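Input: a single structure, listed below in structure tokens.
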Amino acid sequence: NKPPLEVFRTISPSQFEDLTYGWVIEYLQPKEKYVDAVQLGSGKDGGRDIIAYFAEDRKEFDIFQCKRYDKTLSPSMYFCEFGKLCYYTKIGEYAVPRNYFLVANREIGKELRYFFENPNKIADKLIEKWDEWCAKKISNQAISLTGELREYISKFNFNIVKDISPGKFLEQVKTTRYYKYYFGGGIEKRTPIEDIDLTKKIKLNFPFVVQLFKIYTQELHKE
């Protein structure tokens with residue numbers, strides 16, 4: 001069997017999102033006290049693959065963005081997601097989340113790691129690279145970096161941005177029922193059966209067997 005981390009790196013994008021959703025509702029929901037979680041499952045989700053709500057009014061929530069790639073993530077590959085977060089919260093498509101999580105099937109690269117460890121540096125880089133990395137990737141129409149949007153990004157609190165490593169993710173998923181469907185295992189050990197001394201059982205029942213043969217013999221002799 002392949003190691004779980006190797007399998008995790010090669011599952012399909014839809015399976016990856018399903019697995020992440022299972023992790024949210026079974027592992028995180030009891031710990032974080034979410035009242036509900038939904039999986040959007042659409043290319044037009046505004047950068048929100050999964051949303052977990054803290055209350056029934058759904059005004060406070062966490063966002064989980066799933067990224068399944070064949071290589072480690074770099075800023076040029078991911079910064080458009082930060083652009084979506086800023087653009088859609090600015091126009092009121094949804095509120096600023098309490099937490100924004102990146103869940104990826106591979107470790108993020110050194111350059112992108114720098115921004116997750118220094119979220120105060122994200123705004124400047126996002127503004128600098130907007131035309132190259134974001135303008136044509138956020139919506140069906142190009143999104144220009146207007147003065148208002150620039151100011152909004154510069155003041156945005158990127159401290160809500162976090163990531164979870166593949167190793168930690170798998171460790172937590174392993175405690176859920178979803179693990180076995182993707183990585184195997186999960187079969188519970190049976191309780192050992194008590195040894196039975198068949199010799200004693202045979203000796204106890206032997207007189208009965210003798211009587212049975214006698215009855216058969218008598219019946220045969222009647223014919």
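From a predicted model like this one, the values you see are computed outputs, not experimental measurements.
Under the 4.5 Å side-chain criterion, counting only non-hydrogen atoms from C-beta, Met77 is not in contact with Leu112. Within the 4.5 Å cutoff, side-chain heavy atoms of Thr20 are placed close to those of Ile50. The shortest side-chain heavy-atom distance between Glu81 and Lys67 falls under the 4.5 Å cut-off.
In this structure, the ring of Tyr34 has its center less than 6.0 angstrom from the ring center of Phe54. Ring to ring, Phe82 and Tyr78 are close: their centroids are under 6.0 angstrom apart. A ring-centre distance under 6.0 Å is found for Phe8 and Phe16.
Checked for salt-bridge contact, Lys174 and Glu171 miss the test: no charged N lies under 4.0 Å from a carboxylate O.
For Tyr21 (side chain) and Ala37 (main-chain N/O), a donor-acceptor pair under 3.5 Å exists by modelled atom type. Side-chain atoms of Asp62 come within 3.5 Å of backbone N or O of Asn99 as a donor-acceptor pair. For Glu132 (side chain) and Lys129 (main-chain N/O), no donor-acceptor pair under 3.5 Å exists by modelled atom type. Between the side chain of Asn105 and the backbone N or O of Tyr69 there is at least one donor-acceptor pair closer than 3.5 Å. Remark: side-chain polar atoms of Trp130 are paired, donor with acceptor, to backbone N or O of Ile143 under 3.5 angstrom. A donor-acceptor distance shorter than 3.5 angstrom exists from the side chain of Tyr88 to the backbone of Ile138, with no hydrogens or angles considered. Proximity of a side-chain donor or acceptor of Arg68 to a complementary backbone N or O of Ile11 within less than 3.5 Å is detected.
Residues passing the side chain to side chain donor-acceptor pair (under 3.5 Å) test with Lys31: none are found, sequence neighbours excluded. Here Glu26 pairs with Arg177 under the side chain to side chain donor-acceptor pair (under 3.5 Å) rule; sequence neighbours left out. Under the salt bridge (Lys or Arg N to Asp or Glu O under 4.0 Å) criterion, Glu151 pairs with Lys155, not counting sequence neighbours.
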### Query
Can you list the steps and then say if Thr10 with Lys2 is a side chain to side chain contact (heavy atoms under 4.5 Å, CB included)?
CA-CA 11 Å; Thr10 58; Lys2 293 182 179 179; 5.5 Å; no

### CA sep, side-chain torsions, deciding dist, call: Lys137, Phe79, side chain to side chain contact (heavy atoms under 4.5 Å, CB included)
CA-CA 10 Å; Lys137 297 180 180 180; Phe79 258 64; over 6 Å; no

### Task
Apply side chain to side chain contact (heavy atoms under 4.5 Å, CB included) to Val173 and Tyr182, showing your working.
CA-CA 10 Å; Val173 168; Tyr182 295 91; over 6 Å; no

### Task
Start with the C-alpha distance between Arg113 and Asp163, add both sets of side-chain angles, then the distance that settles side chain to side chain contact (heavy atoms under 4.5 Å, CB included), and finish with yes or no.
CA-CA 9 Å; Arg113 169 62 59 200; Asp163 75 299; 2.9 Å; yes

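Taking each heavy atom of Gly83 and Leu126 in turn, the nearest pair found is N-CD1, 3.9 Å. For the pair Glu107 and Thr72, the tightest heavy-atom approach, listed with the atom from each and the gap, is O-CG2, 3.2 Å. The nearest pair of heavy atoms linking Lys136 to Ala142 is CG-CB, 4.3 Å. Nearest heavy-atom pair, Phe61 versus Ala95, reported as atom, atom and distance to 0.1 Å: CZ-O, 3.2 Å. Among all heavy-atom pairs drawn from Leu85 and Thr89, the shortest one is O-OG1, 2.7 Å.
Annotation for Glu111: atom CD does not count as buried by contact number, only 12 or fewer foreign heavy atoms lying within 6.0 Å.
For the ring pair (Phe, Tyr, Trp, His ring centres under 6.0 Å) with Phe64, the lone residue among Phe169, Tyr100, Trp23 that qualifies is Trp23.
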